[in-house]
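One structure is given here, and the rest of the page talks about it.
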Amino acid sequence: MRIATWNVNSVRQRLDNVLAWLAECAPDVVCLQEIKCETAAFPREPFERLGYNLAVHGQKGFNGVALLSKYPFDEVSHGLHGDEADIQARFLEAVISTKTGCVRVVSLYLPNGNPVSTEKYTYKLKWMDRLIQFSHERLKLEEPLVLTGDFNVIPAVVDAQRPAAWVNDALFLPATRERFRALTDLGLTDAIRAVTDAGDLYTFWDYTAGAWAKNDGIRIDHILLSPHAADRLKTAGIDKHVRGWEKPSDHVPVYVDLDFEPR
DNA sequence: ATGACTCAGGAACTGAGA
């Protein structure tokens with residue numbers, strides 16, 4: 001089973017790119033972030049025509065997450081517990097059934113947090129604390145869990161081409177990285193790091209200043225696996241070439257192949 | 001150089017992104 005994540009920076013602007021990528025990647029489950037539209041405005045038809053079930057949690061203008069699945073959804077819920085006043089559309093959770101078992105998948109869009117001297121950064125850190133609590137609860141279920149999306153976290157120096165440029169940034173500050181490490185300390189596995197310790201593996205290149213041409217990238221889109229999901233990990237990869245397409249998102253897809261064949 | 005592009009909203013710009 002191939003599960004992928006992609007911050008598309010507007011699903012309506014990126015529709016042609018997303019359809020072209022689906023054709024070549026052929027994922028079974030896709031987590032989308034920054035769909036930038038209300039739920040009712042999501043272009044459902046082209047995805048349903050390809051055989052995907054849809055779950056969408058949108059809002060007007062900003063944010064918005066979605067799930068596509070060739071397998072049926074058992075349970076779908078949106079919103080991250082711990083702050084009833086938080087109305088930003090950044091979290092969508094579903095249980096997906098296959099003939100050989102279930103997998104719980106979360107499509108998340110973690111707050112950016114810049115500028116760090118504002119309430120935006122405290123919102124990010126509190127959101128991460130809530131995510132740690134959520135993960136702690138879900139890991140008790142001892143089931144395959146795929147926690148994935150745009151984390152807006154550069155986990156380590158090796159995950160940026162120019163780490164010095166990010167030392168005071170909300171994506172790389174110690175308080176940010178400590179909380180990401182708290183997630184992995186709970187027992188979640190960073191799928192890319194499970195298959196390679198190589199550098200030059202990025203998922204985002206800024207639109208400005210020729211960042212793509214200079215390969216001035218960062219790795220901030222992640223797939224975290226519970227032990228029961230990590231046991232099934234076959235491959236993990238980043239579809240870097242998609243950044244070179246016409247009218248690209250500033251992020252590229254990341255995917256894992258999990259073995260859900262009968263045993 | 002707290003900039004450079006790209007998006008949504010809404011009709012000229014601003015805010016947000018990272």
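Keep in mind that the numbers below use all heavy atoms, side chains included, and drop hydrogens, waters and symmetry copies. Here is the naming used below: chain letters follow the sequence lines, and residue numbers restart at 1 for every chain.
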### Task
Would you kindly give the CG-to-P distance between D216(A) and dA4(B), to the nearest whole Å?
16 Å
### Query
Between dG10(B) and dT6(B), how far is it from one P atom to the other, in whole Å?
23 Å
### Message
Can you build the contact string for nucleotides 9-18 of chain B? Use B for base contact, S for sugar-phosphate-only contact, and - for no protein heavy atom under 4.0 Å.
### Response
SS-----SBB
### Task
Classify the ring geometry between F47(A) and F42(A) as parallel (under 30°), tilted (30 to 60°) or perpendicular (over 60°).
tilted
### Message
Measuring only the P atom in each nucleotide, how far is dA16(B) from dA1(B)? A whole number of Å is fine.
### Response
25 Å
### Query
Got K240(A) and D200(A) here, is their nearest side-chain heavy-atom distance under 4.5 Å?
yes
### Query
Has R2(A) got its NZ or CZ under 6.0 Å from the middle of the six-membered ring of Y255(A), at an angle within 45 degrees of the ring axis?
yes
### Query
Distance between the P atoms of dT14(B) and dG3(B), in whole angstroms?
13 Å
### Query
L171(A) pairs by side chain to side chain contact (heavy atoms under 4.5 Å, CB included) with which of V116(A), D159(A), L110(A), N114(A)?
N114(A)
### Query
Say you pick atom P in dA4(B) and the same atom in dC13(B); how far apart are they, in whole Å?
15 Å
### Query
Do any side-chain nitrogens or oxygens of S10(A) fall under 4.0 Å of OP1 or OP2 in dA8(B)?
yes
Could you pull out every donor-acceptor pair under 3.5 Å between side chains of residues 73-85 of chain A and any protein atom, sequence neighbours left out?
from   : atom 1 : to     : atom 2 : distance (Å)
D74(A) : OD1    : S97(A) : OG     : 3.1
D74(A) : OD2    : S97(A) : OG     : 2.5
D83(A) : OD1    : A85(A) : N      : 3.0

### Query
Below 4.0 angstrom from OP1 or OP2 of dA8(B), is there any side-chain N or O of Q13(A)?
yes
### Task
Check whether any side-chain nitrogen or oxygen of R14(A) sits under 4.0 Å from OP1 or OP2 of dT6(B), and answer yes or no.
no
### Query
Does a salt bridge link R138(A) with E93(A), judged by any charged N lying under 4.0 Å from a carboxylate O?
yes
### Query
Which whole number of Å gives the distance between the C1' atom of dC5(B) and that of dA18(B)?
12 Å
